[in-house]
Amino acid sequence: MKFFLDTADINEIREGATLGVVDGVTTNPSLIAKTGRPVEDVAREICSIVDGPLSLEVLSVTAEEMIEEGQKLAAIHPNVVVKIPMIREGLKALRGLSTKGIAVNVTLVFSPLQALLAAKNGAAYVSPFIGRLDDISADGMNLISDIIEVYDAYGFETEVLIASVRNPMHVLEAAKMGADVATVPLAVLEQMLKHPLTDIGLEKFMADWHRSQQSKS
Ligand code: G3P
């Protein structure tokens with residue numbers, strides 16, 4: 001499973017990159033807006049920290065404008081993946097960009113049929129939002145399972161990039177299903193690496209060792 005950080009916060013990205021398990025970064029207009037900086041500047045700084053795919057989302061509303069904007073975003077850095085929302089104009093723009101060899105991450109996906117259409121038009125990634133389904137008492141993990149079943153049935157190469165991840169259990173369940181990528185907030189990545197029994201066990205090891213050294217002196 002590949003892990004992307006779902007943030008545009010440079011400090012978080014620097015911190016996460018030190019762990020050695022971060023393979024890329026995803027952003028969205030809300031995350032970019034929080035930085036208060038031009039997307040080009042944020043993108044170049046992120047690409048200098050993480051050498052992997054960086055998703056940048058278009059703001060345009062027509063397919064023609066999305067294609068033009070997507071080409072500009074892709075020109076910022078070779079690692080840029082253009083994020084396109086799963087709407088009618090986005091589906092058309094996806095086809096326009098993928099046929100030009102530009103990698104597209106289709107976002108705001110909430111149904112397996114949306115994911116099927118994205119794969120048919122050449123999406124490099126599809127981003128099903130687990131947490132926002134859970135937030136309305138729907139089953140976000142069931143969406144992942146359905147998408148993987150459909151993609152496996154037809155041999156689509158589009159990568160399933162789970163998004164809107166709220167906790168480590170989302171990552172575990174998706175990993176058991178064979179999802180390709182999980183994009184997670186740094187806080188979730190930190191939760192994934194921790195276990196209280198590990199901390200308790202290490203503390204006891206060190207205490208026993210130091211006690212044994214003291215008894216020698
Ligand atoms: O960036 C896309 C997605 O991961 C955002 O999810 O629900 O945490 O805003 P959310």
Side-chain angles (χ1 to χ4, degrees), residues 1-13 15-17 21-37 39 42-43 45-47 49-50 52-60 66 69-70 73-74 76 79-87 90-91 93-94 103-112 114-115 118 123-145 147-148 158-175 177 179-192:
M1 177 176 258
K2 287 176 276 190
F3 294 117
F4 293 179
L5 283 178
D6 193 32
T7 181
D9 183 303
I10 295 299
N11 293 328
E12 281 191 4
I13 294 169
E15 178 63 27
V21 295
V22 174
D23 302 299
V25 175
T26 57
T27 69
N28 62 46
S30 303
L31 295 172
I32 294 291
K34 280 182 185 175
T35 71
R37 297 170 61 194
V39 62
V42 177
E45 192 164 6
I46 292 172
C47 290
I49 300 166
V50 176
L54 166 62
S55 288
L56 300 175
E57 190 162 339
V58 299
L59 295 166
S60 304
M66 287 178 184
E69 184 182 358
L73 290 174
I76 295 171
N79 285 351
V80 168
V81 174
V82 179
K83 235 184 182 183
I84 299 280
M86 186 57 217
I87 57 175
L91 189 60
L94 163 61
V104 176
N105 176 2
V106 176
T107 190
L108 287 168
V109 168
F110 293 96
S111 81
Q114 285 182 316
Y125 303 94
V126 68
S127 289
F129 279 35
I130 301 172
R132 294 194 191 186
L133 283 168
D134 287 1
D135 292 347
I136 61 166
S137 305
D139 184 346
M141 291 317 305
N142 189 56
L143 171 60
I144 307 306
S145 172
I147 292 172
I148 289 173
T158 300
E159 293 191 55
V160 180
L161 191 167
I162 66 164
S164 190
V165 170
R166 296 279 192 273
N167 57 65
M169 290 312 293
H170 282 162
V171 180
L172 173 59
E173 289 306 312
M177 294 174 189
D180 301 284
V181 189
T183 194
V184 300
L186 178 59
V188 171
L189 191 57
E190 298 281 357
Q191 285 175 305
M192 286 165 58

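Both ligands and their constituent atoms are indexed starting at 1 by order of listing. Every value quoted in this text rests on a predicted model; they were computed, and no experiment measured them.
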### Query
Taking the side chain as C-beta and beyond, is there a heavy-atom pair between Pro85 and Val58 under 4.5 Å?
yes

### Check: Val109 and Ser127 side chains under 4.5 Å, non-hydrogen atoms
no

### Message
Going by the rule side chain to side chain contact (heavy atoms under 4.5 Å, CB included), which residues pair with Pro112 if we only count those two or more places apart in sequence or in a different chain?
### Response
Leu143, Asp146, Ile147

### Task
Would you please name every residue forming a ring pair (Phe, Tyr, Trp, His ring centres under 6.0 Å) with Phe3, sequence neighbours left out?
none

### Query
What residues come within 4.0 Å of ligand 1, counting heavy atoms only?
Asp6, Asn28, Lys83, Phe129, Arg132, Ala163, Ser164, Arg166

### Query
Got a sec, which residues hit side chain to side chain donor-acceptor pair (under 3.5 Å) with Glu159, two or more places apart in sequence or on another chain?
Lys2

### Arg166 side chain near Asp135 side chain, heavy-atom distance below 4.5 Å
yes

